[in-house]
Amino acid sequence: VAGGLVGAAMGLGVAGVIPLLIERLFPGAPAMGWDPLPALQGVAAGAAVTLLFTLPPLLGLRGVRPNLIFRREMAESAPPRRRRAQLLAAAAILAGVGLLAVWLVEGSPRHALRLGLYFTVGLAVGLAALAGIARLMLAALRALLRRARLPLALRHGFANLYRPGNHATAVLVALGVGVMFILTVFLLERALAAQMAANAPRGMPNVFLLDVPAPDRAEVVELAGRQPGVEQPPELMSAVAMRLVSVDGVTVKELGLERRGRRYLRTRTVTWMAAKPPDLLLMRGAWWEASPPPEGPRISVEEDAAGILGVKPGSVMVWDAWGRKVEARVAAVHRSEGARMSSRFEFIFSPGALEEMPAVYYGAMRVRPSDVPALQRVMYDRYPTVTVVNVADVLAVVQQVVDQVAVLYRFLSLFTVLAGAVILASSVAGTRFRRIREVAVLKALGATRRRVAEIFTVEFLLLGAVAGVMGSLLAMGFTAAVLKGLLEVPYRPDLLPAAVAVVLTALMAIVTGWLASWRILGRRPLEVLREE
């Protein structure tokens with residue numbers, strides 16, 4: 001209970017730092033004050049969790065005979081009922097943690113019970129999967145140890161992973177979870193940044209002009225083009241509201257668009273272009289060469305819309321605009337990037353097809369970010385109905401918020417890595433007597449202090465490296481699942497961050513292990529052996 005109270009008090013201290021971090025990262029965040037109820041809940045949860053997780057070792061002590069302790073023979077005993085006691089303790093831990101989750105969840109009792117059940121099942125499955133992976137990796141290392149002829153330091157370092165009471169599986173799970181959390185956030189942020197860079201290449205427009213009046217479009221282009229900081233002159237695109245009537249003689253209502261293509265039953269916004277935009281990729285068909293085409297109106301259809309409507313090059317589409325019918329033959333099926341102005345339009349007509357129809361014009365241009373406010377003031381003074389959208393500032397704000405959330409998440413994930421380091425130090429301290437005897441025997445057989453240090457370093461290095469590999473593999477798997485399943489973003493394995501995570505985890509394991517065991521090397525073999 002005392003340990004749980006101390007841990008909860010430390011958690012409250014950390015929780016006091018988090019509001020300061022939030023206020024620092026998020027300007028204008030609401031002020032956070034002291035709330036005694038969450039503090040009491042944290043203290044009670046810390047004490048309860050500590051009591052639950054002390055059940056396995058306390059139940060294991062029941063089967064240890066006193067004469068084994070008095071003889072200083074620390075070999076682990078395995079009473080017949082110990083496996084059963086461990087299973088009962090694991091069930092009690094899961095049930096207790098589930099009840100704590102139900103208690104801490106806000107809402108109706110049914111909602112709390114459902115979330116508590118999900119949390120308990122997810123915790124059990126996740127820990128079982130991580131423990132299984134850790135055991136498989138340890139088994140692979142043992143197979144390598146048996147078959148390969150390794151140097152002395154490597155052979156003893158590998159063998160130390162299987163020392164009784166070493167808790168290698170628990171150390172690997174704890175360190176691997178921390179690496180998985182931090183690396184998953186980093187890989188997601190890196191993949192999304194790469195996707196944004198791919199969809200927003202260098203030189204793309206960062207300022208858009210909306211609702212440009214048709215009579216004033218030439219003056220608007222001339223005024224915007226001569227403002228300071230303009231790197232790319234404005235390019236206007238027209239937009240006409242039209243309704244699709246039929247495709248190849250079949251009316252829209254007969255196409256069965258009630259599910260996927262319901263939007264094509266309503267008015268759509270179309271445009272016309274003479275030359276093919278550079279960001280537009282033709283999937284089928286060909287672009288019109290003459291402007292206007294001598295064979296009559298032509299239209300290019302976006303790939304997804306073509307699939308829903310069942311059109312292909314050669315299909316005939318009939319449109320209605322303000323009582324005027326326009327019949328156009330499909331010339332091409334295209335695909336465009338989401339960050340381009342042309343991607344706003346699924347249907348692009350050839351010039352001359354939409355003449356003398358009411359149109360609204362949109363413009364896109366590139367301006368130095370520092371000169372955009374001046375452009376907005378000039379345009380508002382001359383044309384107050386024209387809206388100037390500064391996309392660069394919007395993207396900068398979004399990126400800033402994403403970076404701040406990532407920093408906060410990494411800060412919280414560091415505590416998971418710290419927990420793994422504490423477990424590693426506890427495992428080293430728990431096997432202190434075994435390590436002292438091992439060092440004494442090795443020194444008596446002629447091993448130098450340097451050789452013993454190499455053996456311990458190999459052991460700590462293997463623990464950290466295996467945990468890093470396990471966490472990196474899980475992080476790449478979760479990243480691929482989130483990007484493909486939720487965000488529909490292509491995933492490419494990024495091995496460099498994973499390699500860096502493995503190296504840093506191995507270094508942390510070496511430092512933590514030596515901080516807990518460096519005094520062992522100073523013991524003399526004779527005084528240790530006399531105590532046996």
Side-chain angles (χ1 to χ4, degrees), residues 199 208 210-215 217 235-364 488:
N199 290 335
F208 295 92
L210 306 182
D211 300 329
V212 179
R217 61 181 185 273
E235 177 184 359
L236 290 186
M237 296 184 63
S238 61
V240 177
M242 303 185 71
R243 183 183 291 272
L244 181 62
V245 177
S246 65
V247 176
D248 290 331
V250 181
T251 62
V252 177
K253 295 182 179 180
E254 297 175 350
L255 291 177
L257 304 177
E258 287 76 12
R259 292 187 178 181
R260 289 186 59 195
R262 188 180 303 173
R263 63 182 183 273
Y264 300 111
L265 300 174
R266 301 185 295 269
T267 302
R268 306 300 299 165
T269 302
V270 303
T271 187
W272 71 85
M273 294 183 186
K276 183 180 76 69
D279 59 281
L280 189 143
L281 178 63
L282 293 182
M283 308 304 296
R284 286 173 289 173
W287 199 262
W288 40 86
E289 298 181 358
S291 180
E295 60 273 14
R298 292 291 182 266
I299 186 174
S300 180
V301 184
E302 197 270 334
E303 186 179 21
D304 291 339
I308 295 174
L309 297 173
V311 301
K312 57 185 180 298
S315 300
V316 177
M317 306 180 72
V318 179
W319 295 80
D320 178 81
W322 305 95
R324 175 183 170 182
K325 295 290 191 297
V326 177
E327 182 178 311
R329 186 173 297 275
V330 177
V333 175
H334 67 267
R335 178 190 297 171
S336 58
E337 297 179 2
R340 296 294 185 177
M341 192 71 175
S342 58
S343 65
R344 186 176 181 272
F345 302 96
E346 296 178 298
F347 306 96
I348 303 176
F349 282 81
S350 60
L354 307 179
E355 288 183 354
E356 300 179 357
M357 290 188 180
V360 177
Y361 289 84
Y362 300 89
E488 298 182 357

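All values derive from a computational prediction rather than experimental measurement.
- Annotation for A239 and T269: closest pair CB-CG2, 3.5 Å, computed over non-hydrogen atoms.
- Between the R329 side chain and the G314 main chain, a donor and an acceptor come within less than 3.5 Å of each other.
- Residues passing the side-chain hydrogen bond (donor to acceptor under 3.5 Å, both in side chains) test with E327, sequence neighbours excluded: none.
- Of all the heavy atoms in W272 and A359, the pair that sits closest is CH2-CB, 4.4 Å.
- In this structure, I308 and R263 approach most closely via the heavy-atom pair CD1-NH2, 3.8 Å.
- The two residues V270 and M242 come nearest to each other via the heavy atoms CG2-SD, 3.5 Å.
- A305 and F347 make their closest contact through CB-CZ, 4.2 Å (heavy atoms, listed as atom of the first residue, atom of the second, distance).
- For T271 (side chain) and S238 (main-chain N/O), a donor-acceptor pair under 3.5 Å exists by modelled atom type.
- D320 pairs by the side chain to side chain contact (heavy atoms under 4.5 Å, CB included) definition with V245, K325, not counting sequence neighbours.
- In this structure S246 satisfies the side-chain hydrogen bond (donor to acceptor under 3.5 Å, both in side chains) test with no other residue, sequence neighbours excluded.
- Remark: A241 pairs with T267 by the side chain to side chain contact (heavy atoms under 4.5 Å, CB included) rule, at least two apart or across chains.
- With sequence neighbours left out, A286 forms a side chain to side chain contact (heavy atoms under 4.5 Å, CB included) with no residue at all.
- Counting only heavy atoms from C-beta outward, the side chains of V252 and V247 never approach each other to under 4.5 Å.
- In this structure L282 satisfies the side chain to side chain contact (heavy atoms under 4.5 Å, CB included) test together with K276, L280, W287, A332, H334, sequence neighbours excluded.
- Expressed to the nearest 0.5 Å, how far NZ of K312 lies from CG of D248 amounts to 6.0 Å.
- Using a 4.5 Å cut-off on side-chain heavy atoms (C-beta onward), L257 and R262 make no contact.
- R243 places a side-chain N or O within 3.5 Å of a backbone atom of L265 that can act as its donor or acceptor partner.
- For the pair V330 and M317, the minimum side-chain heavy-atom distance is below 4.5 Å.
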* Take R268 and L244 through the test side chain to side chain contact (heavy atoms under 4.5 Å, CB included) and record every step on the way to the result. => CA-CA 8 Å; R268 306 300 299 165; L244 181 62; 5.8 Å; no
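- At a threshold of 4.5 Å between non-hydrogen side-chain atoms, the residues M273 and M237 count as touching.
- Side-chain contact between Y264 and L255 is absent, with no heavy-atom pair separated by less than 4.5 Å.
- Nearest heavy-atom pair, F349 versus A328, reported as atom, atom and distance to 0.1 Å: CE2-CB, 3.8 Å.
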